[in-house]
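Only one structure is covered here, and it is reproduced in the block below.
Bear in mind the structure is a predicted one, so any value in this text is a computation, not a measurement.
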Amino acid sequence: MALQAATALVGSKWLAAAVKLQGKTRVLDTSWYLPKLRRNAKSEFKKRHIPGAAFFDIDQCCDKTSPLDHMLPSEKFFADYVGKLGVESDTHVVVYDASEFGAFSAPRVWWMFRVFGHRSVSLLNGGLRNWELEGLPVSDRYVRPTQTEFKASLNRTWIKSYEDILDNLDTKRFQVVDARPAGRFRGLDPEPRDNTEPGHLPGSISMPFNSFLSPSGHFLPQEGLRALFSRAGVDLNRPICVSCGSAVTACHVALAAHECGHPGVSVYDGGWSEWYTRAVPEHVLSEGRGKHL
């Protein structure tokens, strides 16, 4: 088990065996859905989850002073929040979600643990969808974890602000990859949030998050991921910053680059939601309506 303790991806059978050992493994259901889907992730968790799992809510573990959705919280807030979920600094955390994609919000929480200095974190490859397809048990029983102490240390180099992205339009110090579906990137399909038009920032590269997943909901093998980056024109030897609507599915790109050996992808935490609101119209590129004053 120890050999896989810090690998980014673990399989259902491995996790089932790890849970039975009742060691220093903590399973977290990190399901989250766009509001317009009208799915309540926490209610679904109460009815059906991997036995022993706790629920991680990205809308609660966030900076509640920000007008933007689920921005990263402070070190203390994150440490207190995950400590209440029974996570210690030597815990192997395994995250998953119940999305039909196999992974939707879980890569965000995988990245959150890493940006707060916790490297012993893995994602259940294939999610709850494949856990159930493999005939493994789910439960509606929940036992509140014993509160523990967790120490967080934020790696600020992995976070980009609006100002960083704006400056990069000229300096081009890092590549910007957008994980939203291609229609939203091009400006042809609507954004899921009100008062935000689709489009993209200048110089960004489109790599839809679901392109990193196989039809079964598993992340592609490394050679498949490398081929995706190559076709998109992304240089894995250069710095990369990822974005999406609100920095959730952007983390699919971060995990995929990690699997290909990239030392650490940064995330534009405000995402397109912030960029569209703050950027001048000429910095909102679109084949559709674009931004009008």
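- Taking hydrophobic clusters as Ile, Leu, Val, Met, Phe, Trp and Tyr residues chained together by side-chain heavy-atom distances below 4.5 Å, Val121 shares a cluster with Leu154.
- We find that Glu132 and Arg48 are joined by a salt bridge, their nearest charged nitrogen and carboxylate oxygen being less than 4.0 Å apart.
- His70 and Ser246 share a side-chain donor-acceptor pair at under 3.5 Å.
- In this structure, Lys46 fails the cation-pi test against Tyr142, since its NZ or CZ atom is not both closer than 6.0 Å to the six-membered ring centre and inside 45 degrees of the ring normal.
- Under the 6.0 Å cut-off for aromatic ring centres, Trp110 and His258 qualify, their centroids lying closer than that.
- Follow the hydrophobic side-chain contacts under 4.5 Å out from Phe45 and you never reach Leu124; the two are in separate clusters.
- Between Asp80 and Lys84, no side-chain nitrogen of the basic residue sits less than 4.0 Å from a carboxylate oxygen of the acidic one, so the salt-bridge criterion is not met.
- A salt bridge does not link Lys64 with Asp59: every distance from a Lys NZ or Arg NE/NH1/NH2 to an Asp or Glu carboxylate oxygen is 4.0 Å or more.
- Between Phe104 and Phe209, the ring-plane angle classifies as perpendicular under the 30° and 60° cut-offs.
- Under the 4.5 Å side-chain heavy-atom criterion for Ile, Leu, Val, Met, Phe, Trp and Tyr, Leu228 and Phe101 are members of the same hydrophobic cluster.
- With 3.5 Å as the limit, one finds no donor-acceptor pair spanning the side chains of Asp178 and Trp272.
- In this structure, Cys260 and Gln222 have side chains that are in contact, with non-hydrogen atoms separated by less than 4.5 Å.
- Donor-acceptor pairing under 3.5 Å is recorded for the side chains of Glu274 and Tyr268.
- Contact check on Glu191 versus Arg180 returns a salt bridge, with a Lys/Arg side-chain nitrogen under 4.0 Å from an Asp/Glu carboxylate oxygen.
- Here Phe185 and His200 bring their ring centres to under 6.0 angstrom of each other.
- In the hydrophobic clustering of ILVMFWY residues, with side-chain heavy atoms under 4.5 Å counting as a link, Val248 and Val82 come out together.
- Inspection of the Ser89 and His118 side chains reveals no N or O donor paired with an N or O acceptor under 3.5 Å.
- Using a 4.0 Å cut-off between a side-chain N of Lys or Arg and a carboxylate O of Asp or Glu, Arg108 and Asp269 qualify as a salt bridge.
- In this structure, the separation between OG on Ser286 and CG on Leu188 is 7.0 Å, given to the nearest 0.5 Å.
- Considering Phe116, Phe55, Phe56, Phe150 as possible partners of Tyr81, the one that fulfils the ring pair (Phe, Tyr, Trp, His ring centres under 6.0 Å) test is Phe56.
- Using a cutoff of 4.0 Å between basic side-chain nitrogens and carboxylate oxygens, Glu100 and Arg39 are scored as salt-bridged.
- Asp164 has no carboxylate O lying under 4.0 Å from a charged side-chain N of Arg173, or vice versa, which leaves the two without a salt bridge.
- The residues Lys47 and Asp140 are annotated as not salt-bridged, no charged nitrogen and carboxylate oxygen being separated by less than 4.0 angstrom.
- Taking the ring centre of Tyr162 as origin, the terminal cationic atom of Arg278 falls inside the region bounded by 6.0 Å and 45° from the ring axis.
- If you run side chain to side chain contact (heavy atoms under 4.5 Å, CB included) between Val242 and each of Val253, Val176, Thr249, only Val253 comes through.
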